[in-house]
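Model, not experiment: these values are computed from the prediction.
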Amino acid sequence: MIDIDEQGHYRYTDFNPVAKKKIGAICCSHSGKTRHWSDSEVDLLERVADKLAIALTQAELYAQTRSIAESEAQKAKLMRLML
């Protein structure tokens with residue numbers, strides 16, 4: 001996205017989706033002089049977004065696993081009390 005302020009300065013912002021299911025976005029911007037983002041910079045941003053997506057997915061899976069484990073522990077405790 002390119003924005004132009006009142007003084008005619010350009011600002012380019014690159015939004016990169018985090019994962020294909022779009023769980024977030026990384027925004028890199030540059031204000032001041034017009035600047036071209038190099039292919040290597042865009043590639044780095046894409047790789048960071050991919051790694052972030054993996055970390056977020058793992059955190060979500062960990063939270064789900066922990067919740068299931070706590071639920072199962074409560075069920076086991078109730079079963080022991082019933083016997």
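Every residue two or more places apart in sequence or in another chain was checked for a side-chain contact (heavy atoms from CB on, under 4.5 Å) with T65, and none qualifies. Considering only residues two or more places apart in sequence or on other chains, Q58 meets the side-chain hydrogen bond (donor to acceptor under 3.5 Å, both in side chains) condition with none of them. Legend: residues meeting side-chain contact (heavy atoms from CB on, under 4.5 Å) with L83, ordered by chain and number and at least two apart, are absent. With sequence neighbours left out, D43 forms a salt bridge (Lys or Arg N to Asp or Glu O under 4.0 Å) with R47. Remark: S67 pairs with no residue by the side-chain hydrogen bond (donor to acceptor under 3.5 Å, both in side chains) rule, at least two apart or across chains. Take Q74 and apply the side-chain contact (heavy atoms from CB on, under 4.5 Å) test, not counting sequence neighbours, and it matches no residue.
L61 CG to L56 CG: the interatomic distance, rounded to the nearest 0.5 Å, is 11.0 Å. The OG atom of S38 lies 9.0 Å from the CG atom of L44; values are rounded to the nearest 0.5 Å.
Each salt bridge (charged side-chain N to carboxylate O under 4.0 Å, His left out) pair with one or both residues in residues 72-83, not counting sequence neighbours, appears once here: E72-K75.
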